[in-house]
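Side chains are part of it too, since the values below use all heavy atoms of this structure and drop only hydrogens, waters and symmetry mates. Heads up: numbering here begins at 1 and tracks the sequence. Keep in mind it's a predicted model, so treat the numbers as computed, not measured.
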Amino acid sequence: MAESDWDTVTVLRKKGPTAAQAKSKQAITAAQRRGEDLETTKKWSAGQNKQHLVTKNTAKLDRETEELQHQRVSLEVGKVIQQGRQNKGFTQKDLATKINEKPQVIADYECGKAIPNNQIMGKIERAIGLKLRGKDIGVPLEAKSKKK
């Protein structure tokens with residue numbers, strides 16, 4: 001027991017810097033001063049959810065002011081959608097599931113809050129059988145036969 005010395009400490013292993021410390025600006029400059037080889041690359045869009053990227057249209061909506069506003073669906077089109085849907089016996093939810101959209105989208109189109117999207121307008125036109133775009137709004141769609 002006399003051989004053990006309480007004042008000396010034996011270090012078995014020294015831990016290196018953690019990932020966050022190794023990536024810090026100070027660690028990079030210190031490694032450059034020591035003359036070590038470094039490779040730093042910036043990852044493009046790393047860790048982002050691609051579904052929620054800010055697009056040009058979203059940025060435009062954010063900057064929207066009283067002078068600059070996006071065109072909304074007219075109330076006339078909303079009424080045509082509502083009448084066509086009721087004539088077919090669909091609820092907003094039924095129509096939405098038929099065209100693979102959310103019920104809120106149909107509600108927005110009917111009350112005139114939605115920004116017109118040609119894809120969605122086309123789906124609604126085919127589902128209710130009424131024209132929603134162009135001059136003849138509310139006119140039944142014609143069954144077009146394909147000529148070979």
Side-chain angles (χ1 to χ4, degrees), residues 9-148:
V9 177
T10 306
V11 177
L12 297 176
R13 158 175 58 134
K14 190 173 184 180
K15 290 185 179 178
T18 64
Q21 292 170 344
K23 292 178 187 175
S24 72
K25 191 78 170 165
Q26 293 172 338
I28 293 171
T29 53
Q32 285 174 336
R33 282 191 212 114
R34 289 192 300 264
E36 296 177 10
D37 291 331
L38 292 179
E39 182 180 338
T40 57
T41 55
K42 182 156 180 123
K43 291 184 179 178
W44 182 80
S45 74
Q48 291 181 355
N49 190 346
K50 298 285 184 194
Q51 294 175 339
H52 301 292
L53 286 177
V54 175
T55 60
K56 290 180 183 177
N57 289 339
T58 323
K60 283 181 188 175
L61 281 173
D62 290 342
R63 291 191 303 266
E64 187 175 90
T65 61
E66 288 182 16
E67 304 90 39
L68 172 72
Q69 288 189 348
H70 282 276
Q71 180 185 356
R72 307 271 185 214
V73 175
S74 69
L75 284 175
E76 179 190 1
V77 173
K79 293 286 183 193
V80 170
I81 293 172
Q82 190 174 17
Q83 288 170 353
R85 174 177 62 78
Q86 289 171 346
N87 290 344
K88 293 269 186 175
F90 293 149
T91 63
Q92 286 183 344
K93 186 176 179 182
D94 293 339
L95 180 59
T97 49
K98 189 171 176 68
I99 67 167
N100 293 327
E101 293 292 338
K102 294 180 180 176
Q104 186 60 44
V105 172
I106 302 298
D108 288 346
Y109 271 85
E110 286 185 3
C111 68
K113 290 182 185 176
I115 296 171
N117 179 338
N118 279 330
Q119 256 187 328
I120 296 173
M121 296 280 275
K123 289 180 189 178
I124 296 172
E125 279 179 344
R126 288 189 296 276
I128 63 175
L130 297 174
K131 228 177 152 188
L132 301 175
R133 299 173 286 185
K135 296 177 185 175
D136 312 328
I137 294 174
V139 175
L141 286 176
E142 300 170 24
K144 296 178 182 175
S145 59
K146 293 183 180 179
K147 296 181 181 177
K148 290 185 179 180

### Message
Strictly distance-based, threshold 3.5 Å: is any side-chain N or O of Arg72 a donor or acceptor partner for the main-chain N or O of Gly112?
### Response
no

In Å and rounded to the nearest 0.5 Å, what is the [atom1] to [atom2] distance from [X] to [Y]?
{"X": "Leu141", "Y": "Leu132", "atom1": "CG", "atom2": "CG", "result": "8.0 Å"}
{"X": "Tyr109", "Y": "Asn117", "atom1": "OH", "atom2": "CG", "result": "5.0 Å"}
{"X": "Asp37", "Y": "Gln32", "atom1": "CG", "atom2": "CD", "result": "11.0 Å"}

### Query
Pairs in or reaching into residues 87-96: which pass salt bridge (charged side-chain N to carboxylate O under 4.0 Å, His left out), with residues at least two apart or in two chains?
none

Partner residues of [X] under the salt bridge (Lys or Arg N to Asp or Glu O under 4.0 Å) criterion, sequence neighbours left out:
{"X": "Arg133", "answer": "Glu125"}
{"X": "Arg33", "answer": "none"}
{"X": "Lys98", "answer": "none"}

### Query
What residues, two or more places apart in sequence or in another chain, satisfy side chain to side chain donor-acceptor pair (under 3.5 Å) together with Lys123?
Glu101

#### Entry: Qualifying residues under side chain to side chain donor-acceptor pair (under 3.5 Å), relative to Gln86, sequence neighbours excluded
none

### Task
Taking side chain to side chain contact (heavy atoms under 4.5 Å, CB included) as the test, write out the residues that go with Glu36, two or more places apart.
Ala31, Arg34

Under 3.5 Å, side-chain donor or acceptor atoms of residues 74-83 against the rest of the protein: list the pairs with distances, not counting sequence neighbours.
unit_1	atom_1	unit_2	atom_2	d
Ser74	OG	Val77	N	3.3

### Message
Just so I know, are the side chains of Ile106 and Ile99 near enough to count as touching, which here means a heavy-atom distance under 4.5 Å?
### Response
yes

